[in-house]
Number of protein chains: 2
Amino acid sequence: MTSQDDRCGSGPADGARACTVREALDRVGGKWSIGILIAASTGPVRFTELERRVEGISRRMLTLTLRNLERDGLLVRHVHATVPPKVEYTATPMARELYESLVALTRWAERHRDAISGARAAYDREHPVAKPTQSV
Amino acid sequence: MTSQDDRCGSGPADGARACTVREALDRVGGKWSIGILIAASTGPVRFTELERRVEGISRRMLTLTLRNLERDGLLVRHVHATVPPKVEYTATPMARELYESLVALTRWAERHRDAISGARAAYDREHPVAKPTQSV
DNA sequence: CTGCATCCATCGGGATACTG
DNA sequence: CAGTATCCCGATGGATGCAG
């Protein structure tokens, strides 16, 4: 958090391009950002509702991720001053655009899912953790 | 690395969608993956060349990231058995497709760059690290 | 030239308990 | 209900030295 260290003036060539991509990636890089964004993209969602919908997330991480998304302007937090506190989170148009941009990536993942796991299997087959000095 | 723990059967609703996105994100989630991919997408690049082009990367991280990308089938490693070793890395078509899919994200980042930094500034302004018992 | 091994600092993130 | 505070661990990544 609060990490703004990446110097985008990396300079030598395609550093700028790489950096711009990372700008976007960094907003969704967390383990839970996407899940939360999706859950909140259909309308206002309450804290507890998110806790159930995202499934697997801890209260702590939910809060942290929520704060980051809010800070980046991807989520809007609305507090109802009622007796049992009620807080609703809503994805901003910017967040929905982000999600739209992500579909290309999703499709890529679907298209190459097999190729990738294949490549991994092949790699692992040809690159066993060969310890020359140890062979049973 | 070698982390394949994400259970995509998250179940309850949009968990599947979120998971597929993460599949793609996880290949480029590293700090250097994108930079290397871009540098290698225009043609075969040597190890040292990459070390210069990526700029800021350490020899260690270059090697590690290279191995991961190779394992995922995004990079092909070609070793020339010459006296001074010469190894070239080339992005696979799959990797170039990945890069293409990332342009949508890039555009999103460009479009909302100002909005985001603005949101951050506003948030930080309204949420100072207020520690009641400590001031100075 | 290419790359692995080691040491070390930092960070994300899980578990749990406490509070307005 | 909606958080906040602590503790704690594994992963990430930087620096450096050694080796084929």
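Predicted, not measured: the structure shown is a model, and the values here were computed from it. Throughout, protein chains are lettered first and strands after them, A, B, ... in sequence-line order, and every chain is numbered starting at 1.
Closest contact between the side chain of B:Arg59 and the listed nucleotides D:dG14, C:dC4, C:dG14 involves C:dC4. Side chain of B:Trp32, nearest nucleotide from C:dT2, D:dC1, D:dG13: D:dG13. Residue A:Lys86 has its side chain nearest to D:dA2 when only D:dA2, D:dT4, C:dG14 are considered. Side-chain atoms of B:Met61 lie closest to D:dG14 of the nucleotides D:dG14, D:dA2, C:dG14.
Between B:Arg67 and the phosphate of C:dC4, there is a side-chain N or O to OP1/OP2 separation shorter than 4.0 Å. Dashed line: the shortest gap from a side-chain N or O of A:Arg77 to OP1 or OP2 of D:dG3 is under 4.0 Å.
Under the 3.5 Å distance criterion, the side-chain polar atoms of A:Thr65 are left unmatched by any main-chain donor or acceptor of A:Leu62.
Residue-level contact check: A:Thr48 touches the backbone only, with heavy atoms under 4.0 Å from sugar-phosphate atoms and none from bases. Within 4.0 Å of A:Arg60, counting heavy atoms only, lies at least one base atom of the nucleic acid.
A:Glu97 has a carboxylate O that lies under 4.0 Å from a charged side-chain N of B:Arg111, or vice versa, which qualifies the two as a salt bridge. Using a 4.0 Å cut-off between charged nitrogen and carboxylate oxygen, A:Glu49 and A:Arg52 count as a salt-bridge pair.
Summarising the local packing, CZ of B:Arg113 is surrounded by more than 12 heavy atoms from other residues, nucleotides or ligands at distances under 6.0 Å.
Rounded to an integer number of Å, the gap from A:His80 NE2 to D:dG3 P is 12 Å.
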